[in-house]
Amino acid sequence: MKQKFSTFSFLVNICLFLAANPGWCQSQPDMTPNSTAEDLDLSPEIIQNSPVLQRWRRDVPNILQEIKNDPSFRTRLRLGSPKFPSTGQAFGVIVGIEDIFIGRTGLTVSGEYQAAFNGKRQAYGADLHYYLRPLGSYVNIAPVVGYRHLQTNRYTTDGVNLGAKLLLVLSRGGAADISLTQSWVSPGSDEEVGLTQLSLGYAVTSNLRLSTDIQKQNSRLQKDSRVGVVLEWMP
């Protein structure tokens, strides 16, 4: 008997709660395409001043799909004055561009030119990267295929550049990331040169970044290096 009374009391309390809170029984406004201000229970001024609400009224986006496919990194124009410790501690210049997107295919193009002011080091070339994971991923890897011309005081070589790039995105939109690239110029030949490059980038404004520039250039004749800080502009 007590159990029946407890159940009856519980149902009475539920009915009293719903009577005092009719909003729980009402359906919530649905933000479907072409919803009016009345449907959303918002003033027209709020909707007019909110690009996000206007976009959602036109077409409700697939947020998960956008996060996966919107690039977590950005195109960067690079300019710096690195130091060449293995070339008489000479300073020089480096200019380049990283990750020009070819549509949303995961394919990007990069190019670079570097030279020491004492004339004993020079290199230039361009590469294609094909990111294997969705562009919005925080961890990505890309095969590298391109061309390099390398010149030092002891040797000159050029040819195909083959390797791979590992990208770790610490904060989306180019705010912070780490990349490591390992490649070989003229692989398998007597003139083969290994290139190892480490870069850590951190944004100081929405369009400007500072990036470390560390590179090892290893051949059978000698080992060279490059270190410095590069200014990067993100259009």
Side-chain angles (χ1 to χ4, degrees), residues 71-101 108-129 131 139-158 161-185 193-219 222-235:
S72 58
F73 55 99
R74 295 165 61 181
T75 300
R76 303 171 306 283
L77 300 173
R78 309 180 76 235
L79 175 64
S81 180
K83 185 177 182 180
F84 299 90
S86 60
T87 311
Q89 302 293 328
F91 284 90
V93 64
I94 176 173
V95 294
I97 187 167
E98 286 286 323
D99 290 320
I100 303 175
F101 292 95
T108 69
V109 180
S110 300
E112 179 184 273
Y113 172 83
Q114 64 170 358
F117 293 144
N118 63 7
K120 295 182 179 180
R121 285 278 298 278
Q122 186 185 55
Y124 56 83
D127 295 311
L128 291 173
H129 304 91
Y131 291 94
V139 179
N140 221 321
I141 187 169
V144 176
V145 180
Y147 168 83
R148 276 291 186 282
H149 172 89
L150 306 173
Q151 181 179 331
T152 72
N153 59 336
R154 295 192 61 185
Y155 66 88
T156 299
T157 186
D158 58 9
N161 184 43
L162 298 177
K165 176 181 179 180
L166 174 66
L167 176 64
L168 305 176
V169 176
L170 306 179
S171 183
R172 295 175 62 87
D177 55 49
I178 302 173
S179 67
L180 176 64
T181 304
Q182 177 63 57
S183 64
W184 292 267
V185 181
V193 179
L195 297 176
T196 304
Q197 184 165 334
L198 176 66
S199 178
L200 293 82
Y202 183 81
V204 293
T205 71
S206 60
N207 297 102
L208 192 64
R209 295 199 337 166
L210 291 177
S211 176
T212 62
D213 183 68
I214 304 172
Q215 186 186 75
K216 294 290 185 180
Q217 182 173 309
N218 300 319
S219 73
Q222 71 182 60
K223 299 182 184 297
D224 295 293
S225 57
R226 184 184 82 194
V227 296
V229 176
V230 177
L231 198 63
E232 297 183 332
W233 175 258
M234 298 181 292

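Any value given below was found using the heavy atoms of this structure, including those in side chains, with hydrogens, waters and symmetry copies removed. Just so you know, these numbers come straight off a predicted model, no measurement behind them. In what follows, residues are counted from 1 in the order of the sequence shown.
- Ring planes of H149 and Y124: parallel class, angle under 30° (limits at 30 and 60°).
- The distance from the CZ atom of R78 to the OG atom of S199 is 5.5 Å, given to the nearest 0.5 Å.
- With respect to the salt-bridge test (charged N to carboxylate O, under 4.0 angstrom), the residues R209 and D177 qualify.
- Classification of E112 and R226 as a salt-bridged pair holds, one side-chain N sitting under 4.0 Å from a carboxylate O.
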task: Test L198 against I178 for side-chain contact (heavy atoms from CB on, under 4.5 Å), laying out the working first.
output: CA-CA 8 Å; L198 176 66; I178 302 173; 4.1 Å; yes
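- Here NZ of K216 is found 8.0 Å from OG of S86. Values are rounded to the nearest 0.5 Å.
- Expressed to the nearest 0.5 Å, how far CG of N161 lies from CH2 of W184 amounts to 10.0 Å.
- By the side-chain contact (heavy atoms from CB on, under 4.5 Å) test, K223 pairs with N218, sequence neighbours left out.
- S219 places no side-chain N or O within donor-acceptor distance of the main-chain N or O of V193, the cut-off being under 3.5 Å.
- If you look at F117 and F84, their ring centroids are not closer than 6.0 Å.
- R121 approaches S225 most closely through the heavy-atom pair NH1-O, 3.4 Å.
- Taken from OH in Y147 to CG in L128, the straight-line distance is 15.0 Å, to the nearest 0.5 Å.
- With respect to the salt-bridge test (charged N to carboxylate O, under 4.0 angstrom), the residues K165 and D99 qualify.
- No side-chain heavy atom of T181 sits less than 4.5 Å from a side-chain heavy atom of L195.
- Shortest non-hydrogen contact noted between R74 and G174 is CD-N, 4.3 Å.
- Nearest heavy-atom pair across T108 and Y131 is OG1-CE1, 3.7 Å.
- With hydrogens and angles disregarded, no donor-acceptor distance shorter than 3.5 Å links the side chain of T212 to the backbone of V229.
- At a cut-off of 3.5 Å, with distance as the only test, a side-chain donor of Q182 or T196 sits close to an acceptor on the other residue.
- Annotation: side chain of L162 is in contact with side chain of V145 (closest heavy-atom distance under 4.5 Å).
- With rounding to the nearest 0.5 angstrom, the CG atom of L170 is 10.5 Å from the OG atom of S72.
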Yes or no on side-chain contact (heavy atoms from CB on, under 4.5 Å) for T87 and N153, after CA distance, side-chain angles and deciding distance? CA-CA 8 Å; T87 311; N153 59 336; 5.6 Å; no
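- Under a 3.5 Å cut-off, the side chain of N207 and the backbone N or O of M234 do form a donor-acceptor pair.
- A pairwise comparison of heavy atoms in Q89 and P85 identifies NE2-O, 3.2 Å as the closest pair.
- Summarising the geometry of Y202 relative to A176, their closest heavy-atom pair is CD1-CB, 4.1 Å, with the distance given to 0.1 Å.
- The CG atom of L168 sits 10.0 Å away from atom CD1 of I141, with the distance rounded to the nearest 0.5 Å.
- Closest non-hydrogen pair, T75 versus I100, comes out as OG1-CA, 3.8 Å.
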